[in-house]
> 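Sharing a structure, written as structure tokens. Questions coming.
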Amino acid sequence: LHTADTLAIPLRQGTLLLSALPLYPAGDTPLLLDGTIALLGDSPILQLLLTARGVDLLQAISAPSPHTLLYGKALVDGNITLSGPLDDLTLRGYLHLLHGSAIRYIYRNALLTSGNHLDRVVTFVSFNADSTATAPTKALTPRTFTLDLDIEIDPTVEVEASIGQSQQNSAQLQGGGMLSLQYTPTLGLHLAGTYTIGSGHLMANIPLFHASRMTLRPSSTLTWTGNP
């Protein structure tokens, strides 16, 4: 994200005043930022509203990665509020994924196969009394963050995900629905809602079996009721 090269932001009594501040992703349609940032005190306090109207969210949030590739268009309308001190932030809002969106996701690394690959996934530690390992002297306390986000998906939105460059394990979906994504430090991540499939298929290449293609029945649904 970037804004204009030269931009004056008022500062009054230790508080930054933001009014329709344009934040540009790679495209020409900006996100608009309104609100205040109080700089006095032990921690800055935010009261911000982020407004999107036809913004390509992928251009705003995607970043290169050696293991994953995310591209396409994720056109959104939405309003997001961010409030509280930096060590106790709350994000609430609504996003509408619009007609014309088509998202592609590729995980370049193949699935785990036979062989010893667990050393990249899990590290085993001995807790025996004679262990020479030492515990950290001080635990890090994570900052508190609360999330409450409603996401509406237009039924024409296309999503494709695949594992490996050959894309022999993949899913292609067109559909929409309404999802609610919530997070609190005590309850963790919670996803609820229903996604209705308009069309799509799955490709699976399972070792010792032939690659198979499964067509998804229109009007099939995916429902989340808790942990994603």
Side-chain angles (χ1 to χ4, degrees), residues 1-103 105 136 138-154 157 178-193 228:
L1 292 173
H2 67 278
T3 184
D5 294 335
T6 303
L7 189 64
I9 300 177
L11 176 65
R12 297 177 185 172
Q13 298 180 341
T15 299
L16 290 172
L17 306 178
L18 308 176
S19 178
L21 177 69
L23 301 175
Y24 291 90
D28 296 328
T29 305
L31 297 159
L32 298 179
L33 185 63
D34 293 90
T36 61
I37 303 176
L39 301 177
L40 301 180
D42 296 334
S43 177
I45 298 176
L46 284 62
Q47 295 290 339
L48 299 175
L49 170 64
L50 190 64
T51 303
R53 294 291 180 266
V55 173
D56 187 353
L57 194 61
L58 285 187
Q59 297 291 341
I61 66 174
S62 62
S65 167
H67 304 296
T68 62
L69 179 63
L70 182 65
Y71 64 100
K73 285 186 178 182
L75 305 174
V76 298
D77 286 348
N79 297 293
I80 303 292
T81 63
L82 189 61
S83 60
L86 285 180
D87 56 358
D88 189 14
L89 283 175
T90 297
L91 187 151
R92 290 190 175 93
Y94 164 80
L95 289 178
H96 184 191
L97 194 56
L98 302 172
H99 170 76
S101 298
I103 303 168
Y105 174 81
K138 183 179 179 181
L140 295 176
T141 303
R143 292 182 173 180
T144 303
F145 178 72
T146 301
L147 171 69
D148 188 356
L149 186 63
D150 292 327
I151 305 171
E152 182 178 358
I153 305 173
D154 186 272
V157 171
M178 192 75 188
L179 304 175
S180 175
L181 182 63
Q182 298 176 327
Y183 172 82
T184 65
T186 54
L187 299 178
L189 193 63
H190 183 274
L191 179 64

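Index from 1, following the sequence. When reading the values below, keep in mind they use all heavy atoms of this one structure, side chains included, and skip hydrogens, waters and symmetry mates.
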> Are R53 and N79 packed together at the side-chain level, in the sense that at least one heavy-atom pair is separated by less than 4.5 angstrom?
yes

> Taking L75's backbone N and O only, do any of them form a donor-acceptor pair with S101's side chain (distance below 3.5 Å, no angle check)?
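Yes; at least one donor-acceptor contact below 3.5 Å.
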
> Residues in side chain to side chain contact (heavy atoms under 4.5 Å, CB included) with I153, at least two apart?
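L97, I151, V157, L179, Y195.
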
> State the CG-OH distance between L70 and Y105, to the nearest 0.5 angstrom.
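Going from CG on L70 over to OH on Y105, the span is 8.0 Å.
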
> Test D148 against T184 for side chain to side chain contact (heavy atoms under 4.5 Å, CB included), laying out the working first.
CA-CA 9 Å; D148 188 356; T184 65; over 6 Å; no

> Does the side chain of I45 reach to within under 4.5 Å of the side chain of T36, using non-hydrogen atoms?
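SC-SC contact between I45 and T36 ruled out.
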
> Please list, chain by chain and in numerical order, all residues satisfying side chain to side chain contact (heavy atoms under 4.5 Å, CB included) with L69, sequence neighbours excluded.
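Side chain to side chain contact (heavy atoms under 4.5 Å, CB included) check on L69 returns Y71, I106, R108.
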
> Rounded at 0.5 Å granularity, tell me how far CG in L147 sits from CG in L181.
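Rounded to the nearest 0.5 Å, the CG-CG separation comes to 5.0 Å.
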
> Pairs in or reaching into residues 10-19: which pass side-chain hydrogen bond (donor to acceptor under 3.5 Å, both in side chains), with residues at least two apart or in two chains?
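Listed once each, the pairs would be none.
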
> Which atom pair, heavy atoms only, marks the closest approach of G14 to L11?
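Minimum heavy-atom contact is C-CD1, 3.8 Å.
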
> Taking the side chain as C-beta and beyond, is there a heavy-atom pair between P30 and L23 under 4.5 Å?
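They are not in contact (no side-chain heavy atoms under 4.5 Å apart), so the answer is no.
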
> Would you confirm whether T90, through its side chain, and T146, through its main-chain N or O, come within 3.5 Å as a donor-acceptor pair?
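Judged by distance alone, no pair lies under 3.5 Å.
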
> For residues T144 and P185, report the shortest heavy-atom separation together with the two atoms involved.
CG2-CG, 3.6 Å

> Under the side chain to side chain contact (heavy atoms under 4.5 Å, CB included) test, which residues partner L18, sequence neighbours left out?
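Side chain to side chain contact (heavy atoms under 4.5 Å, CB included) list for L18, sorted by chain: I9, L21, L33, I37, L48.
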
> Quick check: do L46 and S83 have side-chain heavy atoms less than 4.5 Å from each other?
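Heavy-atom side-chain distance check fails, nothing below 4.5 Å.
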
> Excluding sequence neighbours, so at least two apart, what forms side chain to side chain donor-acceptor pair (under 3.5 Å) with Y94?
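Testing Y94 for side chain to side chain donor-acceptor pair (under 3.5 Å), a comparison that skips the adjacent residues, returns E152.
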
> Of all residues at least two apart in sequence or in a different chain, which pass the side chain to side chain donor-acceptor pair (under 3.5 Å) check with D34?
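For D34 there are no side chain to side chain donor-acceptor pair (under 3.5 Å) partners, ignoring immediate neighbours.
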
> Given L98, which partner from the list D154, D77, D56, V76 fulfils the side-chain contact (heavy atoms from CB on, under 4.5 Å) test?
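It is D77, the one option of D154, D77, D56, V76 that forms the side-chain contact (heavy atoms from CB on, under 4.5 Å) with L98.
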
> Rounded at 0.5 Å granularity, tell me how far CZ in R92 sits from CG in D150.
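R92 atom CZ to D150 atom CG measures 11.0 Å (nearest 0.5 Å).
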
> At their closest point, which heavy atom of L58 faces which heavy atom of K73, and how far apart are they?
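For L58 versus K73, the nearest heavy atoms are CD1-N, 3.9 Å.
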
